[in-house]
Amino acid sequence: MIDLNDLRTRPEAYEEAAKKKRSHLKIADFLKLDTERREIVKLVEEMRGKKNTTSKQMPSLKGKEKEEALKDMKELSDRMKSEEDRLKEIDEKWAMMQLRIPGIPLAQVPVGKDDSENVEIRKVGTPSSPLGMTSGNIKDHVTLGEELDIIDFPRGAKVAGSRFYFLKGDGVSLELAVLQFTLDHLIKKGFTAFAPPLLANWDAMMGTSYFPGGEEQAYAVGVRKEKTGAVEADDLYLIGTSEVAVASYHGGETLKFADLPMRYCGISNCFRREAGTYGKDTRGLYRVHQFQKVEQVILCEADADMSMKLHKEILGNAEEVLQALKLPYRVVDVCTGDMGLGQVYKNDIETWMPSRNGYGETHSCSSFYDFQARRLGIKYEAADGTKKFVYTLNNTCIASPRILIPILEMYQNEDGSVTIPEVLRPYMGDQKKIVKG
RNA sequence: GGAGAGAUGGCUGAGUGGUCGAUAGCGCCUGACUUGAAAUCAGGUAAACCCGAAAGGGUUUCGUGGGUUCGAAUCCCACUCUCUCCGCCA
């Protein structure tokens with residue numbers, strides 16, 4: 001899991017990271033438990049050693065000798081049981097606590113409490129009114145979607161509840177077009193595409209560091225019985241991103257150095273409960289329970305420079321898609337308070353959305369160093385023969401329907417029609433516009 | 001969903017209560033022979049963690065989790081996965 005040697009060497013760095021990431025975990029508490037655990041481990045191992053030694057002699061013993069040995073062993077066995085139970089108890093606590101120890105943000109990451117303190121690092125394109133509009137009669141995507149009969153919110157709510165929707169007719173084609181365009185873009189760049197399982201187990205959710213902590217954001221199928229590990233039903237979770245499945249793909253494996261970096265992308269439906277967001281972004285396609293996403297996932301050697309190089313690469317891939325769609329956007333450095341537990345560096349891309357009269361988050365690019373790899377157990381054999389944990393990164397390449405917001409709104413025309421972005425037309429039978437009727 | 005078979009080291013495959021981390025073969029490494037290679041022969045060859053400067057020592061691991069036992073790869077229970085047959089099905 002966490003690099004314990006590193007943690008023991010410089011606990012203050014982790015303490016600071018926890019503070020910056022607004023975690024309540026006290027590293028000192030963990031270290032105290034860690035020390036306690038090591039003492040018990042030592043004790044238990046000594047007892048086991050003694051047991052093993054005697055046990056090996058047992059077959060050669062006879063008569064009185066054997067009887068005495070049996071008596072001793074019985075006694076030792078009883079004492080061991082209670083110590084082993086104590087160890088098991090502490091081990092569980094220790095492991096859960098360890099899962100909450102953060103990755104240390106890079107020095108350049110701005111310190112801040114939440115997304116309001118993210119720092120803009122560049123702006124591409126100029127925020128503007130929709131391209132085909134001269135009047136101020138600008139419609140938002142909800143109105144456009146309704147009038148063009150390509151998005152249906154009321155019926156989505158009827159069938160599944162709030163934050164669900166139907167895409168319909170050209171709305172479906174537009175979504176598939178933008179996904180296919182993006183996927184092709186990545187495949188051309190040498191990415192291997194995955195259509196992963198949409199359900200994942202606890203290990204995958206934990207390994208990618210969504211669990212523990214994010215349980216209430218995931219739809220669960222089946223219930224895990226505490227402790228026994230037995231399952232009530234299926235014990236699976238609907239993934240919130242294909243990253244969960246794709247990053248876990250090589251879980252427990254040792255990779256060949258020559259195969260690194262691995263450039264993977266996943267296309268999948270994504271499911272999020274969005275608990276705790278009541279009343280936030282309730283209108284439209286911005287925050288919905290189910291969406292589709294093309295996600296980039298990178299596994300690379302344990303090298304900071306290589307990781308940063310790839311971070312920029314996958315950030316660039318996403319920017320290229322937005323540029324091809326001719327949508328204005330900006331890139332921000334995400335501050336410490338808005339980062340996930342394991343992330344060491346993170347950029348968001350925010351795309352201009354006229355209805356919000358502002359930028360809205362559409363992409364999220366994260367570097368994890370070995371944080372996920374340690375949880376997932378993904379190693380590689382370095383040139384010198386030693387085994388190291390890989391570094392992982394991921395970034396959205398496109399997420400729909402959220403990206404349909406700027407597309408519909410920026411490409412709307414005076415007559416209420418929507419022009420289809422040129423790069424998407426080949427994926428829609430050269431259709432140029434979405435019109436009423 | 002029903003019936004059955006199985007899961008052991010990089011691979012194949014032995015092992016049904018004790019000196020078994022585990023026979024054997026393949027593969028791989030080292031050495032000998034050879035101008036070189038092949039073949040042959042000899043030796044070696046799992047991982048994680050802990051203690052140690054090192055040499056070395058210890059613990060754990062035979063699908064996973066429980067249990068029985070002084071002692072479990074081996075016996076019992078549950079689960080997971082794979083394969084075969086039947087049923088159902090996009």
Side-chain angles (χ1 to χ4, degrees), chain A residues 1-9 30-31 33-92 94-96 98 195-207 220-237 245 248-259 269 302 370 373-390:
Chain A
M1 294 294 174
I2 281 283
D3 185 342
L4 287 169
N5 285 328
D6 189 47
L7 177 70
R8 288 168 191 144
T9 314
F30 174 76
L31 285 173
L33 188 69
D34 183 52
T35 307
E36 196 183 336
R37 179 181 169 274
R38 289 170 92 181
E39 276 164 17
I40 300 174
V41 166
K42 205 176 160 193
L43 181 69
V44 167
E45 286 192 355
E46 274 169 12
M47 291 171 106
R48 282 178 181 161
K50 200 175 163 202
K51 191 189 85 175
N52 288 344
T53 315
T54 317
S55 202
K56 277 189 184 172
Q57 293 166 347
M58 196 62 82
S60 60
L61 297 179
K62 284 190 184 102
K64 204 171 178 187
E65 264 186 331
K66 184 155 190 171
E67 267 170 47
E68 255 168 55
L70 270 175
K71 214 172 118 194
D72 285 352
M73 285 281 274
K74 215 170 249 179
E75 231 170 80
L76 179 64
S77 182
D78 284 346
R79 263 189 298 142
M80 262 179 72
K81 202 157 270 177
S82 72
E83 291 301 327
E84 281 181 326
D85 285 350
R86 195 155 70 97
L87 174 60
K88 199 187 268 182
E89 204 176 296
I90 285 181
D91 240 353
E92 253 167 53
W94 177 81
M96 285 311 274
Q98 197 184 151
L198 303 182
L199 292 161
N201 57 24
W202 194 86
D203 286 346
M205 298 298 285
M206 180 280 289
V221 182
V223 181
R224 166 179 283 259
K225 261 192 209 157
E226 287 308 318
K227 308 234 163 146
T228 60
V231 293
E232 189 92 21
D234 301 295
D235 195 22
L236 291 167
Y237 303 86
S248 302
Y249 183 74
H250 288 298
E253 298 179 15
T254 301
L255 308 172
K256 289 197 196 107
F257 178 75
D259 293 336
N269 288 94
D370 62 0
R374 284 177 171 277
R375 290 172 165 234
L376 290 165
I378 308 177
K379 297 182 178 181
Y380 69 100
E381 198 169 322
D384 60 3
T386 60
K387 284 173 184 171
K388 292 180 177 169
F389 290 103
V390 299

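Numbers restart at 1 for each chain; the letters A, B, ... are given by sequence-line order, proteins then strands.
Applying the Watson-Crick and G-U wobble criteria (two distances, each under 3.5 Å), C70(B) pairs with G18(B). Figure legend. A90(B) is base-paired to no nucleotide; pairs are counted as Watson-Crick or G-U wobble with both atom distances under 3.5 Å. Using N1 to N3 plus N6-O4 or O6-N4 for Watson-Crick, or N1-O2 and O6-N3 for G-U wobble, each under 3.5 Å, G25(B) pairs with C11(B). Base-pair partner of U59(B): A48(B) (Watson-Crick or G-U wobble, both distances under 3.5 Å). Under the Watson-Crick and G-U wobble criteria, each requiring two contacts below 3.5 Å, nucleotide A54(B) is left unpaired. The partner of G6(B) is C81(B), by the rule that a Watson-Crick or G-U pair needs both atom distances under 3.5 Å. Checking U30(B) for Watson-Crick or G-U wobble geometry (two distances, each under 3.5 Å) identifies A42(B) as its partner.
Residue Ser77(A) places at least one side-chain N or O under 4.0 Å from the OP1 or OP2 atom of G71(B).
In this structure, the nucleotide among G18(B), C50(B), A48(B) sitting nearest to the side chain of Arg38(A) is C50(B). For Met73(A), whose side chain is taken as the heavy atoms from C-beta onward, the closest listed nucleotide among A48(B), C70(B), U59(B) is C70(B). Side-chain atoms of Ser60(A) lie closest to U19(B) of the nucleotides G71(B), U59(B), U19(B). Among G18(B), C70(B), U60(B), the nucleotide with an atom closest to any side-chain atom of Lys74(A) is C70(B). The side chain of Lys387(A) lies closest to A47(B), out of U68(B), A47(B), C51(B). Of all nucleotides listed (U19(B), U59(B), G71(B)), U59(B) comes nearest to the side chain of Asn52(A). For Lys56(A), the side-chain atoms get nearest to U19(B) when compared with the rest of U19(B), G71(B), A48(B). The side chain of Lys379(A) approaches A48(B) more closely than any other nucleotide in the set A48(B), G71(B), C50(B).
For the pair Trp94(A) CH2 and C50(B) C1', the computed distance is 12 Å after rounding to whole Å. Protein atom CD1 of Ile40(A) is 17 Å distant from nucleotide atom C1' of C49(B), rounded to whole Å. Distance Gln57(A) CD to G71(B) P: 16 Å, rounded to the nearest Å. The CD atom of Glu381(A) sits 12 Å away from the C1' atom of G10(B) (whole-angstrom rounding). The interatomic distance linking Lys81(A) (NZ) with G66(B) (C1') rounds to 12 Å, in whole Å.
In this structure, Thr54(A) reaches neither bases nor backbone, as no heavy-atom distance under 4.0 Å exists between it and the strands shown. Across all strands, Lys88(A) comes closer than 4.0 Å only to sugar-phosphate atoms, never to a base (heavy-atom distances). Counting non-hydrogen atoms under 4.0 angstrom, Asp72(A) reaches nothing in the nucleic acid.
In this structure, Glu89(A) places its CD atom where only 12 or fewer heavy-atom neighbours from other residues, nucleotides or ligands lie under 6.0 Å away.
Arg375(A) and Asp203(A) are not joined by a salt bridge, as no carboxylate oxygen comes within less than 4.0 angstrom of a charged side-chain nitrogen.
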May I have the list of side-chain donor-acceptor pairs in residues 43-55 of chain A shorter than 3.5 Å, sequence neighbours left out?
{"unit_1": "Arg48(A)", "atom_1": "NE", "unit_2": "Glu84(A)", "atom_2": "OE2", "d": "3.0"}
{"unit_1": "Arg48(A)", "atom_1": "NH2", "unit_2": "Glu84(A)", "atom_2": "OE2", "d": "2.9"}
{"unit_1": "Asn52(A)", "atom_1": "ND2", "unit_2": "Arg48(A)", "atom_2": "O", "d": "3.4"}
{"unit_1": "Thr53(A)", "atom_1": "OG1", "unit_2": "Gly49(A)", "atom_2": "O", "d": "2.7"}
{"unit_1": "Thr54(A)", "atom_1": "OG1", "unit_2": "Lys50(A)", "atom_2": "O", "d": "2.9"}

